[in-house]
Protein chains: 2
Amino acid sequence: MSRWHRTATGHKGGDFPMYVEPSGQDGEAEAGHDPSPCASCAVRADAFCGSLAAPALGELHRLGRKVRLKRGQALIWQGAESTLVGNVLEGVLKMSAMSRDGREQIVGLAYPADFIGRPFGKNSRQTITALSDAHLCVFSRAAFDSFATGHAGMGEALLRRALDDLDGARRWMLLLGRTSAMERVATLLLDAAERLEGAAGKTFALPFSRQQMADILGMAIETVSRTMTRLRDGGVIALPGGRQIAVRDRNALREAAGG
Amino acid sequence: MSRWHRTATGHKGGDFPMYVEPSGQDGEAEAGHDPSPCASCAVRADAFCGSLAAPALGELHRLGRKVRLKRGQALIWQGAESTLVGNVLEGVLKMSAMSRDGREQIVGLAYPADFIGRPFGKNSRQTITALSDAHLCVFSRAAFDSFATGHAGMGEALLRRALDDLDGARRWMLLLGRTSAMERVATLLLDAAERLEGAAGKTFALPFSRQQMADILGMAIETVSRTMTRLRDGGVIALPGGRQIAVRDRNALREAAGG
DNA sequence: CGACACCTTGACAATCCTCAATGTTCGTGG
DNA sequence: CCACGAACATTGAGGATTGTCAAGGTGTCG
């Protein structure tokens with residue numbers, strides 16, 4: 001019954017201790033000019049903190065720090081005390097669950113403006129790992145919890161986000177349970193293109209390896225590869241090499257994704 | 001590419017308009033004796049409202065009403081304005097998503113004490129249907145939202161619950177993406193037994209049909225049936241007939257579920 | 001240029017789905 | 001109470017998709 005491939009999430013420079021940079025060190029955050037550095041944050045409009053007014057925002061900012069992760073570095077290990085929460089500023093992270101016998105399933109992706117971690121109480125049962133070099137804005141859970149408790153709007157904003165995540169997870173379940181390899185790959189590519197493609201049809205870098213795509217989609221790496229090849233041969237996408245990709249025929253891709 | 005079975009969720013007496021019973025009609029809720037009927041609620045200890053103190057509880061109670069659903073009746077239709085939220089008091093419900101071409105995937109189950117519906121803002125994209133006769137305590141979303149906003153603890157309790165659901169959804173994704181038919185069926189049976197079995201080894205009624213199990217687990221009805229037969233032949237479970245089931249060898253079942 | 005990780009391709013096998021037929025349960029009405 | 005029919009469940013045969021194993025190709029970095 002154990003027919004599962006090890007997921008060999010072999011990352012080149014993986015799992016170094018992470019480099020933490022205290023907030024207010026980035027030049028822009030020095031006192032004086034910019035009392036609320038969050039104001040210039042690229043993801044503020046889309047992130048949970050967008051709902052906060054200036055004073056609360058400043059307070060929150062003082063609790064946070066910035067973290068840079070290199071590709072392959074992990075932020076929260078499965079089972080470990082989950083003491084961090086935060087926002088993704090740049091890059092793509094994966095949330096993965098692993099069963100005792102070593103099978104991995106990626107259970108979520110976090111793109112810029114997405115919230116990660118598990119506030120309030122229980123620990124996360126997921127490991128969070130950077131798929132590309134990433135830049136986060138993190139808070140210790142304890143500090144974040146008490147801040148959130150003290151600010152009425154926050155609970156609602158976080159809840160809204162959690163419920164959105166839940167909707168997303170459930171759509172993904174539909175994908176995992178009821179779709180063919182082609183539909184899965186096409187859906188993932190469509191999603192990635194929407195988030196990462198500069199302009200329609202433009203070439204961009206896929207942030208995942210084939211192995212990671214396989215882990216995300218719940219299939220074997222070879223099937224992913226074959227499916228990509230089929231899409232390329234059909235003129236739907238172009239694969240200039242490396243991890244580059246371009247969507248050539250968006251409608252066909254949408255079609256392949258199942259409507 | 002369209003190799004999917006229609007899910008033929010044919011329910012015998014399905015989709016009647018639901019019968020709504022105003023709160024405070026149940027005999028026990030009459031004024032006088034029992035100022036807070038919630039106190040005698042079977043699921044209060046486990047439900048989100050368990051965190052509320054008496055006065056708030058009374059207020060909440062006045063907003064709610066009880067709803068009974070017959071097996072097969074739907075509470076919230078996919079795409080429709082989601083105007084209800086609530087708690088399951090008794091029975092089992094399913095949350096399902098359906099793609100345009102008619103494939104159904106059940107994306108969640110709600111057992112007693114579970115919260116259903118989508119408070120705050122956006123509409124649910126799921127349909128909620130009773131798998132067995134069910135008994136709920138529901139609130140209109142508008143009333144519930146304003147109540148929750150006005151009570152500090154509520155947001156946090158709801159968030160906690162949403163995050164738990166999210167964890168659950170993600171475990172389920174691991175199931176859908178990375179496990180064999182046997183593991184899926186065994187996991188579902190184990191879960192159902194834990195929630196519904198009176199005592200260990202006792203016979204109880206499975207609340208789902210084979211078709212529903214197939215929709216939950218993302219597989220074909222025949223595969224479910226064959227897998228159940230294998231479990232029976234292996235002495236792991238007993239199937240006395242009807243929808244009855246008993247777990248004979250819990251360890252073997254746990255083993256089959258993948259550890 | 002060589003080593004290494006990553007990706008692609010092929011052949012084969014296994015699981016699971018599809019189609020089809022038969023058996024069982026349950027509710028209804030005679 | 002029994003007979004009938006409809007929905008539900010089981011079983012079998014065959015085939016399609018996907019996983020597994022294996023080999024070779026491509027790209028990247030020192």
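In the text below, chain A, chain B and the rest are named by the order of the sequence lines, each starting its count at 1.
What separates CG of B:Asp215 from C1' of D:dA9 is a distance of 15 Å, to the nearest Å. Between the CE atom of B:Met219 and the P atom of D:dA9 there is a distance of 14 Å, given to the nearest Å. B:Leu217 has its CG atom 10 Å from the P atom of C:dC17, to the nearest Å. When the C1' atom of D:dA9 is taken as reference, atom CG of B:Leu231 falls 16 Å away, rounded to whole Å. Put simply, CD on A:Gln244 is 14 Å from C1' on D:dT28, counting in whole angstrom units. Protein atom CZ of B:Arg230 is 14 Å distant from nucleotide atom P of D:dT10, rounded to whole Å. As a whole-Å value, the separation of A:Glu183 CD from D:dT18 C1' is 14 Å.
For the residue pair A:Glu255 / A:Asn251, no side-chain donor-acceptor distance below 3.5 Å is found, with atom types taken as modelled.
Under the salt bridge (Lys or Arg N to Asp or Glu O under 4.0 Å) criterion, B:Glu222 pairs with no residue, sequence neighbours left out.
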Review point. Please walk me through it: do A:Arg254 and A:Asp249 pass salt bridge (Lys or Arg N to Asp or Glu O under 4.0 Å)?
Key: CA-CA 9 Å; A:Arg254 214 172 267 127; A:Asp249 184 343; over 6 Å; no
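For the side-chain contact (heavy atoms from CB on, under 4.5 Å) test with A:Leu206, the passing option among A:Val92, A:Leu188, A:Leu196, A:Leu189 is A:Leu189; the others fail. Test A:Val185, A:Thr187, A:Thr227, A:Thr223 against A:Leu217 for side-chain contact (heavy atoms from CB on, under 4.5 Å) and you get one pass: A:Val185.
Of all heavy-atom pairs between A:Leu174 and B:Ala97, the closest is CD1-O, 4.1 Å.
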Distances under 3.5 Å only, N/O to N/O: pair up the protein atoms with those of nucleotides 7-13 of chain C.
from: C:dC7; atom 1: OP2; to: A:Arg210; atom 2: N; distance (Å): 3.1
from: C:dT8; atom 1: OP1; to: A:Arg210; atom 2: NH2; distance (Å): 3.2
from: C:dT8; atom 1: OP2; to: A:Arg210; atom 2: NE; distance (Å): 2.6
from: C:dT8; atom 1: OP2; to: A:Arg210; atom 2: NH2; distance (Å): 3.4
from: C:dT8; atom 1: OP2; to: A:Ser225; atom 2: OG; distance (Å): 2.7
from: C:dT8; atom 1: O5'; to: A:Ser225; atom 2: OG; distance (Å): 3.1
from: C:dT9; atom 1: OP2; to: A:Thr229; atom 2: OG1; distance (Å): 2.7
from: C:dG10; atom 1: N7; to: A:Arg226; atom 2: NH1; distance (Å): 2.9
from: C:dG10; atom 1: O6; to: A:Arg226; atom 2: NH2; distance (Å): 3.4
from: C:dA11; atom 1: N6; to: A:Arg226; atom 2: NH2; distance (Å): 3.4

